[in-house]
Amino acid sequence: MRLIVVEDDPLVGPAARAVLERHGFDVAGVATTTDKALRLAARARPDLALVDLRLGRGGDGLSTAHVMKAVYGIPSLLMTGFDVKGAEIGGAAMGVLRKPFSPEALVRAVTAAGAVLNGETPSEVPRSLELLHDGRAVPEPWWGGGRGGGRD
């Protein structure tokens with residue numbers, strides 16, 4: 001699965017990239033602003049973007065995710081430590097990954113998103129991931145196996 005990471009924190013973005021690459025994901029790059037993210041998305045055409053909700057310089061993650069979906073057809077998982085509701089996200093992202101998250105939760109979240117994108121039911125979903133459909137939380141029974149045994 002080809003990914004891009006959109007994260008303005010100089011520690012989180014590269015760390016997420018390293019974790020994901022160690023687990024076999026193809027990370028095309030890390031962008032720190034909306035402009036850089038959209039250029040990277042256009043060039044790399046990833047299967048999924050991991051997008052920080054509140055970018056520092058140069059834009060916000062919600063509008064970035066919306067443009068990636070509308071213009072390039074690229075789905076996103078928003079990453080945030082803030083309380084955000086599905087209705088605020090609308091259809092811009094397929095889910096919200098709550099910060100802070102462990103490296104294992106990051107890998108499980110991306111794996112679960114990949115399963116959904118392939119039309120499959122995820123075998124496990126970390127507690128830190130809320131999957132959305134058209135801005136609404138997807139009910140837990142949908143994934144059939146609970147949330148990974150309560151781990152995160």
Side-chain angles (χ1 to χ4, degrees), residues 1-21 23-101 105-143 147:
M1 174 182 261
R2 188 169 181 86
L3 309 168
I4 62 172
V5 177
V6 183
E7 172 62 68
D8 63 328
D9 186 299
L11 299 176
V12 174
R17 179 181 194 160
V19 165
L20 293 165
E21 287 179 339
H23 284 85
F25 295 100
D26 175 17
V27 181
V30 177
T32 57
T33 66
T34 293
D35 290 341
K36 290 177 183 177
L38 295 177
R39 284 195 304 270
L40 179 58
R43 187 177 71 247
R45 298 296 177 152
D47 301 304
L48 179 68
L50 300 173
V51 183
D52 183 23
L53 183 62
R54 300 230 174 133
L55 297 171
R57 308 164 288 131
D60 73 275
L62 186 57
S63 63
T64 302
H66 179 73
V67 171
M68 278 194 236
K69 181 178 180 184
V71 175
Y72 303 112
I74 300 167
S76 298
L77 282 181
L78 292 174
M79 303 181 294
T80 186
F82 296 96
D83 186 30
V84 62
K85 305 290 183 229
E88 297 171 56
I89 294 168
M94 65 180 294
V96 178
L97 181 58
R98 305 284 177 193
K99 291 179 180 176
F101 48 79
L106 174 62
V107 170
R108 289 198 329 268
V110 172
T111 301
V116 171
L117 292 172
N118 287 327
E120 303 166 359
T121 299
S123 60
E124 69 177 330
V125 177
R127 289 180 196 261
S128 53
L129 176 62
E130 178 182 15
L131 290 172
L132 304 171
H133 180 69
D134 292 331
R136 291 181 299 245
V138 176
E140 285 186 40
W142 175 73
W143 26 84
R147 291 183 166 259

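- Cation-pi contact between Arg54 and Phe82: present, with separation from the ring centre below 6.0 Å and deviation from the ring axis of at most 45°.
- Leu77 places a side-chain heavy atom less than 4.5 Å from the side chain of Met94.
- Residues Pro126 and Ala105 come closest through the heavy atom pair CG-O, 3.6 Å.
- For the pair Leu131 and Val96, the minimum side-chain heavy-atom distance is 4.5 Å or more.
- Under the side-chain hydrogen bond (donor to acceptor under 3.5 Å, both in side chains) test applied with Thr64, the options Asp35, Thr34, Asp52, Thr33 reduce to a single match, Thr34.
- Side-chain atoms of Asp8 come within 3.5 Å of backbone N or O of Gly56 as a donor-acceptor pair.
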* To do: Might you work through the side chain to side chain contact (heavy atoms under 4.5 Å, CB included) test for Leu78 and Leu97, ending with a clear yes or no?
  => CA-CA 6 Å; Leu78 292 174; Leu97 181 58; over 6 Å; no
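- For the pair Asp60 and Leu53, the minimum side-chain heavy-atom distance is 4.5 Å or more.
- Side-chain contact between Arg2 and Arg45: absent, with no pair of heavy atoms (C-beta onward) separated by less than 4.5 Å.
- Ala16 and Val5 get closest at one heavy-atom pair: CB-CG1, 4.5 Å.
- Two residues are said to be in side-chain contact when any heavy atoms from C-beta on lie closer than 4.5 Å; Phe25 and Val107 meet this criterion.
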* To do: Go through the steps to decide whether Leu20 and Leu50 satisfy the test side chain to side chain contact (heavy atoms under 4.5 Å, CB included), and finish with yes or no.
  => CA-CA 11 Å; Leu20 293 165; Leu50 300 173; 3.6 Å; yes
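- Counting heavy atoms from C-beta outward, Ile4 and Met68 have side chains that approach closer than 4.5 Å.
- Proximity of a side-chain donor or acceptor of Arg98 to a complementary backbone N or O of Thr80 within less than 3.5 Å is not detected.
- Looking only at side-chain heavy atoms (C-beta outward), Thr111 and Met1 stay at 4.5 Å or farther from each other.
- Distance check: Asp26 CG to Glu21 CD gives 7.5 Å after rounding to the nearest 0.5 Å.
- Of the inter-residue distances, the one linking Lys99 atom NZ with Ser128 atom OG reads 12.0 Å to the nearest 0.5 angstrom.
- Judged purely by atom type and a 3.5 angstrom limit, Asn118 has no side-chain atom pairing as donor or acceptor with the backbone of Glu120.
- Smallest separation of non-hydrogen atoms from Leu62 and Ala92: CD1-CB, 3.8 Å.
- Panel note: side chain Lys69, backbone Ser76; no donor-acceptor pair is recorded below 3.5 Å.
- With rounding to the nearest 0.5 Å, the separation of CG in Leu48 from CD1 in Ile74 is 9.5 Å.
- Here the CG atom belonging to Leu106 is positioned 9.0 Å from the NE2 atom belonging to His23, to the nearest 0.5 angstrom.
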